[in-house]
Amino acid sequence: MWNLPALRRLLEEILPNDDAFDDLSMDADFPGVGRRHMLLNGRRLDHVQLILLAIEDVTNRRRAEQGQEILFYESQHRIKNLFSSVSAILHLTRKGAGSVEDFVARFSDRLNSLARTQDVLSQAPADGTDLRELVEAEMEAHGVLPDGQVKIEGEPIGLPQKTAQALAMVVHELATNGLKYGALAHGGRVHMSWARSANGERIVFRWRESGVPGGAPELGGGFGCKLIRDVVPHMLDGTSQLEATEDGVLCVIDVPLEKEEDRLAPDPGGSGRNKG
C-alpha cells in the first residue's frame with residue numbers, strides 16, 4: 001500500500017541529505033480507500049541507520065477547510081451583490097423622489113423587498129433559488145395570491161443568487177405599479193410565466209397585464225422603468241422589454257443562466273474569483 005514512488009524518493013534521496021522534513025503534503029490513491037491527503041514528518045536518528053517517519057491522514061480536515069473557504073467566498077460574493085443592489089436602489093430612488101418623506105417611504109419599501117429576497121435566498125438549496133417561490137413571496141408581500149386574477153406558471157428553475165435578486169426587484173416594481181395604476185388596481189389580470197431557452201442556457205421571464213380600462217398609463221422614466229430597462233440587463237448581461245399595450249403592460253426579461261461550473265469558487269492559488 002505504501003509503495004509510492006514519491007515516498008521512496010523522499011526517503012532514499014531527500015532525507016539522507018537533510019536532517020528532517022516537516023508537514024510535507026502528499027496525495028495518493030489507496031486501493032479500497034480512494035484518494036487521501038497525507039502530512040508527513042521525518043527525522044534521521046543520529047548514529048543509527050534508521051529514520052523516524054510520522055504520517056497523518058488529514059483528508060477530512062482538508063475537505064472541511066476547503067468547504068469553509070468556499071463558504072467564505074460565497075459570503076463575500078453575496079455581500080458584494082447586496083451592496084450593489086442597495087446602491088442602485090438608493091441612487092435611482094433619490095432621482096425620482098419628490099421630497100425627503102417620499103424618498104424615505106420608497107427607499108424603505110424597496111429595502112423591505114430586498115430583505116424578503118434575502119430570506120428566500122438564505123433558505124435556498126445548493127442548486128439555486130426556486131423562481132416560483134421567489135415570485136410568490138414577492139406577490140404575497142403585496143397582498144396578492146395566485147387566483148383568477150393572477151396566474152403564475154413556469155417550469156422549476158433554480159436561480160443563482162444574483163439573478164434571483166435582480167428578478168425579485170423586477171417583480172416588486174411591476175407589482176407595485178400594477179397595484180397603483182395597472183391591472184391589479186382595475187380588476188384586470190396578470191399572467192407571469194417563464195421558460196428556459198432551447199439550449200437551456202437562458203431564461204425568459206414574462207409579465208403580462210391585461211384588462212386595464214383605457215390601457216395602462218404611459219410608462220415614464222421612473223425608478224421601476226429605469227431598473228427594468230437599464231439596470232437589470234446590465235447586471236445580468238441580458239435584455240429587457242417594457243412597454244404599455246392597448247389594455248395593460250408587457251415586460252419580457254431574457255437573461256443567461258449561470259452554469260454550475262461558473263459559480264463562485266476559490267481559485268487554485270487561493271485568491272478566489274468573483275463573477276459578480
Side-chain angles (χ1 to χ4, degrees), residues 78 81-82 85-86 88-90 92-93 96 102 104-196 203-212 216-217 219 222-228 231-232 235-236 240 242 247-253 255 257:
R78 291 198 173 198
N81 286 337
L82 182 59
S85 297
V86 171
I89 291 172
L90 173 64
L92 291 177
T93 304
D102 183 39
V104 171
R106 295 187 183 192
F107 188 61
S108 297
D109 179 55
R110 284 155 182 157
L111 281 186
N112 287 334
S113 172
L114 201 58
R116 285 192 297 274
T117 303
Q118 298 308 307
D119 286 340
V120 176
L121 291 174
S122 67
Q123 301 174 38
D127 59 350
T129 303
D130 181 66
L131 178 53
R132 177 177 291 274
E133 182 180 355
L134 196 70
V135 167
E136 290 181 348
E138 189 58 51
M139 296 302 290
E140 183 177 354
H142 285 80
V144 179
L145 298 176
D147 54 19
Q149 185 181 19
V150 178
K151 183 178 181 180
I152 301 175
E153 60 179 356
E155 61 186 294
I157 293 181
L159 299 178
Q161 186 251 352
K162 190 174 184 179
T163 305
Q165 196 163 274
L167 287 181
M169 289 194 294
V170 168
V171 173
H172 174 79
E173 294 303 321
L174 290 170
T176 299
N177 187 75
L179 283 166
K180 289 182 178 180
Y181 314 110
L184 298 175
H186 296 285
R189 292 173 297 281
V190 172
H191 181 202
M192 274 178 282
S193 64
W194 57 85
R196 295 177 187 268
I203 177 175
V204 179
F205 174 88
R206 289 181 173 84
W207 169 288
R208 176 73 171 93
E209 290 183 41
S210 60
V212 180
L219 298 172
F223 175 94
C225 294
K226 182 74 173 175
L227 175 80
I228 295 169
V231 176
V232 167
M235 287 175 61
L236 303 180
S240 68
L242 178 64
D247 65 343
V249 172
L250 173 65
C251 176
V252 181
I253 306 291
V255 296
L257 274 174

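Both backbone and side-chain heavy atoms feed into the values below; hydrogens, waters and symmetry mates do not. Because the structure is predicted, anything quoted here is derived from the model rather than measured. Positions are given from 1, in the same order as the sequence printed here.
Residues passing the side-chain contact (heavy atoms from CB on, under 4.5 Å) test with Val252 are Val204, Arg206, Gln241, Leu250, sequence neighbours excluded. Every residue two or more places apart in sequence or in another chain that forms a side-chain hydrogen bond (donor to acceptor under 3.5 Å, both in side chains) with Thr176 is listed here: His142. For the salt bridge (Lys or Arg N to Asp or Glu O under 4.0 Å) test, residues two or more places apart in sequence or in another chain that qualify with Arg196 are Glu155. Considering only residues two or more places apart in sequence or on other chains, His191 meets the side-chain hydrogen bond (donor to acceptor under 3.5 Å, both in side chains) condition with Glu153.
Taking both residues in full, the closest heavy atoms of Ala183 and Ser210 are given as CB-O, 3.7 Å, listed atom of the first, atom of the second, then distance. The heavy-atom pair separating Leu184 from Ala175 by the smallest distance is CD1-O, 4.0 Å.
Taking the side chain as every heavy atom from C-beta outward, Val171 and Leu134 never approach each other to under 4.5 Å. Between Val232 and Ser240, the closest side-chain pair of non-hydrogen atoms is not below 4.5 Å. Between Trp207 and Val170, every side-chain heavy-atom pair lies at or beyond the 4.5 Å cut-off.
Note that the CG atom of Leu167 and the CE atom of Met235 stand 9.5 Å from one another [nearest 0.5 Å]. Taking CD1 of Ile152 as the reference point, atom CH2 of Trp194 lies at 6.0 Å (rounded to 0.5 Å). Here the CZ atom belonging to Arg208 is positioned 13.0 Å from the CG atom belonging to Leu174, to the nearest 0.5 angstrom. The CG atom of Leu159 sits 8.0 Å away from atom CG of Asp130, with the distance rounded to the nearest 0.5 Å. From Lys162, atom NZ reaches atom OG1 of Thr129 across 15.0 Å, with rounding to the nearest 0.5 Å. If you take CG on Leu257 and CD1 on Ile203, they are separated by 5.5 Å, rounding to the nearest 0.5 Å.
For Gln149, the CD atom counts as densely surrounded, since its 6.0 Å shell holds more than 12 non-hydrogen atoms of other residues, nucleotides or ligands.
Residue pairs meeting the salt bridge (charged side-chain N to carboxylate O under 4.0 Å, His left out) criterion with at least one partner in residues 170-179, sequence neighbours excluded, are Arg110-Glu173. Counting only residues at least two apart or in different chains, salt bridge (charged side-chain N to carboxylate O under 4.0 Å, His left out) contacts with residues 177-189 are absent.
Formation of a donor-acceptor pair under 3.5 Å by the Glu138 side chain with backbone atoms of His172 is not found in this model.
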